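This one's a predicted model, so the numbers in the text were calculated from it and none came from an experiment. Each chain gets a letter, A, B and so on, in the order its sequence line appears, and its residues count up from 1.
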Number of protein chains: 2
Amino acid sequence: MSGKCEQCLVRKFNSLRALTKEELIRVSNCKTTKHVKKGEVLFDEGEHINGVYCIRSGVGKVSKMSDNGRDQIVNLIKHGDLIGERSLVNNEVSNLKAVAVNDMEVCFIPKEEVLRDLEKNPNFTMSVLKNMAISLKNADNVIVDMAQKTVKQRLAATLLFLEDQFAKNEDGEVMETNFSREDIANIIGTATESAIRLLSEFKKKKYIELKGKKINVIDRKSLKELAEGF
Amino acid sequence: MSGKCEQCLVRKFNSLRALTKEELIRVSNCKTTKHVKKGEVLFDEGEHINGVYCIRSGVGKVSKMSDNGRDQIVNLIKHGDLIGERSLVNNEVSNLKAVAVNDMEVCFIPKEEVLRDLEKNPNFTMSVLKNMAISLKNADNVIVDMAQKTVKQRLAATLLFLEDQFAKNEDGEVMETNFSREDIANIIGTATESAIRLLSEFKKKKYIELKGKKINVIDRKSLKELAEGF
DNA sequence: CTAAAAAGCTGACAAATATCATATTTTAAA
DNA sequence: TTTAAAATATGATATTTGTCAGCTTTTTAG
């Protein structure tokens, strides 16, 4: 155990903020905290998760293996995110795999406690419902982009997204995320070589700077126009 | 008004089955029934839906316009489906457009009634939540397919899906759905010509029969293998 | 019923993307 | 530190997919 949920700021970002003080104390008492090193698996496809994870720090990738044997990343997670509610709600094994991209600190809240709160606290349930509705809307947008945009457009959009969401950590400091070229390819759904090639092209056109794994966007406007199809 | 919800079998297929008898009577009294002719718009992007639609009969396509001006179909709806909960839960205008593929009969339940039931009946809320979790899982699968499968594989998968889900109506009779070649292209995310070309190829290979709009799958096995990447 | 419009179809070609091969650089392990 | 393995990079080429053009068939409106 590491710290109390009542004092943890991370919960402010997710549905746990809808819990009452008493519920939060109960959660705090039954939760476990876990360190997941870069590259380690938080949970895998087909696993019974039996609870939800609340991300305290670090970055993770959530993916699903496709028939052709390539992992497709369907979500990225960072501090404040809650993951596992879906499998929990439907009482199913996980259909996704979560791997740490950077070292992560996560709290695990057992299923029973979450289900109890869902039953007893309508505010909590509505909050989970709202979050799921937002996720579903985002998923629809991703489907449209995957279906209709070129790889180049998707890469441009993804670079902007990563800059917005993962360039700084919870304290606003510059964060060194460890997304590999393969990760980026698996986000946009293309071959690793294609992703690398396009990154080189963007670099040549001075849209971005490449410093090892760190990608700095230097021409937001051009990337944005590209992503939206100019 | 056309019939009472209490006696409508369609509700058995969706979250409305979680309502109590009293709630159902209230719903029945405030709902309105609407006929939507083939090609007509049920609701459009940016519109305040202000309620949910329960589909009694017919088939509809749910799509989103992409930046490049092409509609991407993200969902197909038929009898028993409920649509509009997402925008309702998040109190947002619709991000999607729904158009009738065949003549439809739909019931509209006003927002206030649905919100009231969500607040008062935890079983209903949990049911909506479960359905949304299922939709989210499906959306993830679509993302993976869009990103990782070829157009040919996606067409094969879509033909099987349409055969399973839309070949027969609510009474088990053969249903003549009116999906155009363009609709099919907009489901799999490709150019209409490409979809047509591949359909011709599948016909030549005796995977399917083409009789006007009606597409009959005659070699499920081959299509399945193709879709899964043999 | 008939004309016009829309949908369906096919070919030719161009553009986008994947694959394979190989070299270079970076990272991790001994 | 040294060495092996992994990640990154780039070229050559094959495959897939999109676009444009023209034609035929089907549907719709008058």
Side-chain angles (χ1 to χ4, degrees), chain A residues 37-40 61 66-72 99 101-103 145-156 158 176-205 208-215 226-227 229, chain B residues 37-40 61 66-72 99 101-103 145-156 158 176-205 208-215 226-227 229:
Chain A
K37 289 232 176 75
K38 174 186 159 188
E40 283 180 359
K61 54 184 175 183
S66 80
D67 290 330
N68 70 16
R70 195 144 55 196
D71 246 355
Q72 175 64 34
V99 174
V101 171
N102 289 0
D103 292 356
D145 285 352
M146 284 289 175
Q148 302 285 354
K149 285 193 197 293
T150 63
V151 172
K152 193 183 286 191
Q153 290 180 305
R154 279 181 269 151
L155 177 60
T158 298
E176 286 288 326
T177 51
N178 282 307
F179 295 114
S180 66
R181 301 292 190 260
E182 191 181 2
D183 287 337
I184 292 174
N186 290 348
I187 294 170
I188 66 183
T190 189
T192 306
E193 296 96 319
S194 298
I196 291 174
R197 226 181 286 278
L198 290 170
L199 282 172
S200 299
E201 186 187 322
F202 286 0
K203 180 187 170 187
K204 205 170 285 170
K205 288 185 177 163
I208 57 173
E209 258 177 355
L210 299 178
K211 294 186 177 172
K213 286 222 188 312
K214 180 74 183 160
I215 300 173
L226 212 177
Chain B
K37 289 235 176 73
K38 174 186 159 188
E40 282 180 0
K61 55 183 174 184
S66 79
D67 291 329
N68 70 17
R70 195 144 54 196
D71 246 354
Q72 175 63 35
V99 174
V101 171
N102 288 1
D103 292 356
D145 286 352
M146 284 290 176
Q148 302 285 354
K149 285 191 197 295
T150 64
V151 172
K152 194 183 285 190
Q153 289 180 305
R154 279 182 269 152
L155 178 60
T158 298
E176 287 287 328
T177 51
N178 281 307
F179 294 114
S180 66
R181 301 295 190 255
E182 190 182 3
D183 286 337
I184 292 175
N186 290 348
I187 294 171
I188 65 183
T190 190
T192 307
E193 296 96 321
S194 298
I196 290 174
R197 224 180 286 279
L198 289 170
L199 283 171
S200 299
E201 187 188 322
F202 286 179
K203 180 186 170 187
K204 205 169 287 171
K205 288 185 178 164
I208 58 174
E209 260 177 356
L210 300 178
K211 294 184 177 173
K213 286 222 189 313
K214 180 73 183 160
I215 300 173
L226 211 178

Checklist entry - Taking it one step at a time, do B:I184 and B:I215 satisfy side-chain contact (heavy atoms from CB on, under 4.5 Å)? => result CA-CA 11 Å; B:I184 292 175; B:I215 300 173; 3.6 Å; yes
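- Look at B:S194 and you won't find any side-chain N or O under 4.0 angstrom from OP1 or OP2 of D:dT16.
- Panel note: side chain A:D103, backbone A:K38; a donor-acceptor pair is recorded below 3.5 Å.
- For DNA chain C, the span of nucleotides reached by chain A at under 4.0 Å from its heavy atoms goes, 5' to 3', from C:dT17 to C:dA28.
- Between B:N68 and A:K149, the closest side-chain pair of non-hydrogen atoms is not below 4.5 Å.
- Remark: side-chain polar atoms of B:Q72 are paired, donor with acceptor, to backbone N or O of B:N186 under 3.5 angstrom.
- Taken over five-pair windows at either terminus, the axes of the helix from C:dC1-D:dG30 to C:dA30-D:dT1 are inclined to one another by 60° (rounded to 10 degrees).
- Following rounding to the nearest Å, B:I188 (CD1) and D:dT16 (C1') show an atom-to-atom distance of 13 Å.
- Side chain of B:N178 to backbone of B:K213: no donor-acceptor contact under 3.5 angstrom is found.
- With hydrogens and angles disregarded, no donor-acceptor distance shorter than 3.5 Å links the side chain of A:R181 to the backbone of A:I196.
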Checklist entry - Base, backbone or nothing for each nucleotide of nucleotides 21-30 of chain D, written B, S, -, heavy atoms under 4.0 angstrom, 5' to 3'? => result -------S--
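- Judged by distance alone, with hydrogens and angles left aside, the side-chain atoms of B:D145 form no donor-acceptor pair with the main-chain N or O of B:R154 at under 3.5 Å.
- Using a 4.0 Å cut-off between charged side-chain N and carboxylate O, A:K205 and A:E201 make a salt bridge.
- The interatomic distance linking B:L198 (CG) with D:dT16 (P) rounds to 10 Å, in whole Å.
- Between B:T150 and A:L210, the residue whose closest nucleotide on DNA chain D is further toward the 5' end is A:L210.
- Counting any heavy atom pair closer than 4.0 Å across all strands shown, A:T192 reaches no nucleic acid atom.
- A heavy-atom distance below 4.5 Å is found between the side chains of B:L226 and B:Q153.
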